[in-house]
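This report concerns only the one structure given below.
These values consider heavy atoms only, across backbone and side chains, with no hydrogens, waters or symmetry-generated copies. Ligands are counted one by one from 1 in listed order, and the atoms in each one are counted from 1 as well. Remember, it's a predicted structure, so these values are computed and weren't measured experimentally.
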Amino acid sequence: MKNFFKKIGRKIKANKKKTIIISCVSFFLICVIISLSLLGAFCFNRFATGYVPNDAQLAVIRNNPENQYKRVVIIGVDGVGDYFSQTYTPNYDLMFSNKVVNGTQINASITYRGVAVYPTISCENWMSMFHGVRPYYHGFLFRDTNQRVENGEHTDEKKYPSFMSEYLKQYPEGNILSVCTWRGVNNGIIEDNERITKYNSYPEDVKQFLENYVTDDDDPAYQTASGIMTVVDKTQKATVSTTVRDNIPGIEGELYDYLSDQVKNAGYSDETIEMRDAMTMQRVITETVTDPDKYQIVYMHLDQVDHAGHAYGYGHSGYIQAVSRVDMLIGRLYTAYEQADMLEDTLFILCADHGHRKGGGHKNHGMNTDLEVNVTFAIAGKTVKAGKPGKYVNTDLAPIVAYALGVKANKNWQGRVPYDMFTTLG
Ligand SMILES: [Zn+2]
Ligand SMILES: [Zn+2]
């Protein structure tokens, strides 16, 4: 053995130049292999697979009323990742189950292994979901992206239109509703268009909301004078102690004192975010049930799960409570649609931008771990194929909604309609 190494040592000395070249080349090759595998993990996982529906496939929808929906309702749950699979959510389970409604067969398709785009930041992902392309293309990548859309910065919407403007282009009579607890989506991600009605539920609205607040100790949900109820009932009492001031910048002074008193007196101590989500949902229900034919695409953005993720982290009891409260809101929507006979004409979608790591903290999503990357994608309607769809990536939301309404996909979209999601596509 000793001789063997001596021999090699002698050889290296004799061929110094050659050895250096060989070492450099090997080092270079190893670097290339490592970079390629990292690139694979980061990028190739985000490449969509599935259909780009052609005219004949779209005609199956456009020419057959039984394949058409009156509306697509999209429930965006910020930061929930795959957590709908991890906790008790009876209303979500009901909405996304196979059933017969008034003689119409409705099927559900769910995956908890949807793939968020990288980085797993809200703006990057919602922008990709609405505009069908990965962040490098829509241009919102790393640099204060959430603030930029909150401030009203948009992507190149001519080149990468959202599914909403593609719908409006192809249906000149169409109208869209978007109600958001996180203003970033309405302010910067969705195009400004007179046929897209936008509402944001601001912290200031909570004051108005609370002014109408009539507490009734015997009623688990407090009924307000205007018929709006808060989402929190006494069995869902939050045990956490974050304050309005910690979580909603801009609420100070009198309004802060007022809100904290109200929150304390109401017997729970989360923050205005849960009430803002309740207002968002209530607005969606009111606007769509009172005029069921007005909006063909309805989007809502619920934000409390993301706030709980930052405050406590994935899987913490505070996070679970936030998911439960969102589930109660989903129940309210489902019941309202059931009573209004709107279930069979609706395509429901629930989607998420990203998940959260455990432990909480200001920046506990943005990386590439499974808990951050895996997202829920659930869809239920009469053209849905029951079970689990093929691979879903967040860029797929745009082509999925477009296809469901018989709208041609934009040629620049990178998202696809996943395999095995619709019976009409085979
Ligand atoms: Zn988010
Ligand atoms: Zn977040």
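A cation-pi arrangement is present between R148 and F140, with the terminal nitrogen or guanidinium carbon under 6.0 Å from the aromatic centre and inside a 45° cone about the axis. Judged by the 6.0 Å and 45° rule, K391 forms no cation-pi pair with Y419.
Its N, O or S atom nearest to the Zn ion (ligand 2) is what matters here, and for H365 that atom is NE2. Looking only at its N/O/S atoms, H310 has NE2 as the one nearest to the Zn ion (ligand 2).
In this structure a side-chain-to-backbone donor-acceptor pair under 3.5 Å is missing from D420 to P389. Although no hydrogens or angles enter the test, the distance criterion places a donor-acceptor pair under 3.5 Å between the side chain of E191 and the main chain of S162.
Between Y312 and Y319, the ring centre distance reaches or exceeds 6.0 Å.
Among the atoms of D78, an N, O or S atom is found under 2.8 Å from the Zn ion (ligand 1). Here N125 fails the criterion, with no N, O or S atom under 2.8 Å of the Zn ion (ligand 1). Taking 2.8 Å as the threshold, D303 does not count as a candidate ligand of the Zn ion (ligand 1), since none of its N, O or S atoms lies below it.
Angle NE2(H354) to the Zn ion (ligand 1) to OD2(D353), rounded to 10°: 90°.
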